[in-house]
Protein chains: 2
Amino acid sequence: MVKYRTLDGTFGALSDPTRRGIIMHLNKGEASVSELASPYGISMPAISKHLKVLEEAGLIFRQKKGRVHYCRLATAPLGEVDTWLARFRRSHRRVIN
Amino acid sequence: MVKYRTLDGTFGALSDPTRRGIIMHLNKGEASVSELASPYGISMPAISKHLKVLEEAGLIFRQKKGRVHYCRLATAPLGEVDTWLARFRRSHRRVIN
DNA sequence: TTAATACTTAACCATATGGTTAAGTATAGA
DNA sequence: TCTATACTTAACCATATGGTTAAGTATTAA
């Protein structure tokens, strides 16, 4: 799994259910690390690692306000996945074939 | 990485460039294992493992004709990824917001 | 029947992943 | 200033991943 905005990184980041859950949470708006962690029965360090993976994949960015770290979703990598997927879409292939 | 048609499995399978290459190759039509292997400077067992990952993710299926194993693309899991991604699409969010 | 072809499986290796607990850092509040 | 909060980092562990070489299996061709 490579780092910094590659399809490898994005797909790799999305292959974990906790990270997909975090992404879906963030799709509703920004959230603190604690808020993101609350649905999962895992430790803060584990969440911290997941966030690092998501950040390195360019899927989230953070802003620190006081001691709270707020995370937001970056949709660009998802757009790249979408673009990659487009070539396999039925409708698209119907146009080609 | 879990097996047998899960989003985990599909995203995990797609996180490797060799496997994405294979998928793109198969998008043009069925191909033998040797044909799929030829662009990559890795051993046959390595390719065999990649194909196993793709097969367990439900992304390909095989048919044996004599000693040649032909692989074909199964688009259903890609459709599931597409469905998962849909909620993050601009146009979709424009409808919601 | 013997040898070549097209694979897969087994055994192994180094590194990555996803979790843990313990310790460290930065900010807020008493 | 001292303590609690909201994190991150470090060290560790078990298992997964992606590669290798060597060996095994099935089919075709000589």
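Chain letters run A, B, ... following the sequence lines, proteins first and then strands; every chain starts at 1.
The separation between A:Glu56 atom CD and C:dG18 atom P is 12 Å, rounded to whole Å. Here C:dT8 presents its P atom at 9 Å from CD of B:Glu55, a figure rounded to the nearest Å. A:Met44 has its CE atom 13 Å from the P atom of D:dT5, to the nearest Å. Distance CD (B:Gln63) to C1' (D:dA26): 17 Å, rounded to an integer number of Å. In this structure, B:Tyr70 atom OH and D:dA26 atom C1' are separated by 15 Å, rounded to whole Å. Atom pair B:Leu36:CG and C:dT8:C1' shows a separation of 15 Å (rounding to whole Å applied). A straight line from NZ of B:Lys65 to P of D:dT27 spans 15 Å, rounded to a whole angstrom. Rounded to whole Å, the distance from OH on A:Tyr40 to C1' on C:dG18 is 15 Å.
The main-chain N or O of A:Ala13 is found under 3.5 Å from a side-chain atom of A:Arg19 such that the two form a donor-acceptor pair. For B:Thr75 (side chain) and B:Leu78 (main-chain N/O), no donor-acceptor pair under 3.5 Å exists by modelled atom type.
Counting only heavy atoms from C-beta on, B:Lys64 has its side chain closest to D:dT27 among D:dT27, C:dT8, D:dT8. Relative to the side chain of B:Arg67, the nucleotides C:dG19, D:dA4, C:dA4 differ in distance, and C:dA4 lies closest. In the set D:dT8, C:dG18, C:dA11, C:dG18 carries the atom at the smallest distance from any side-chain atom of A:His50. Which of D:dT9, D:dA6, D:dT21 sits closest to the side chain of A:Ser48 comes down to D:dT9. Counting only heavy atoms from C-beta on, A:Ile42 has its side chain closest to C:dG19 among C:dT8, C:dG19, D:dT27. Distance from the side chain of B:Asp16 is smallest to D:dG18 among D:dG18, C:dG19, C:dA10. Which of C:dT20, D:dA26, D:dG19 sits closest to the side chain of A:Lys49 comes down to C:dT20.
Nucleotides of DNA chain C nearest to A:Gly41 and B:Leu51 differ in position, and the one nearer the 5' end is that of B:Leu51. Positionally, the nearest nucleotide of DNA chain C for A:Pro45 lies more toward the 5' end than for the other of A:Gly66 and A:Pro45.
Donor-acceptor pairing under 3.5 Å is lacking for the side chains of A:His69 and A:Arg62.
Under 4.0 angstrom from either OP1 or OP2 of D:dT20 there lies at least one side-chain N or O belonging to B:Ser43. The phosphate of C:dC7 (OP1 or OP2) has no side-chain N or O of B:Arg62 nearer than 4.0 angstrom.
For the atom pair CG of A:Asp16 and NZ of A:Lys49, the computed distance is 12.0 Å after rounding to the nearest 0.5 Å.
Both tests pass for A:Lys65 against the ring of A:Tyr70: distance under 6.0 Å to the centre and angle within 45° of the axis.
Residue contacts for B:Ser34: at a heavy-atom cut-off of 4.0 Å it reaches the sugar-phosphate backbone alone, with no base atom in range.
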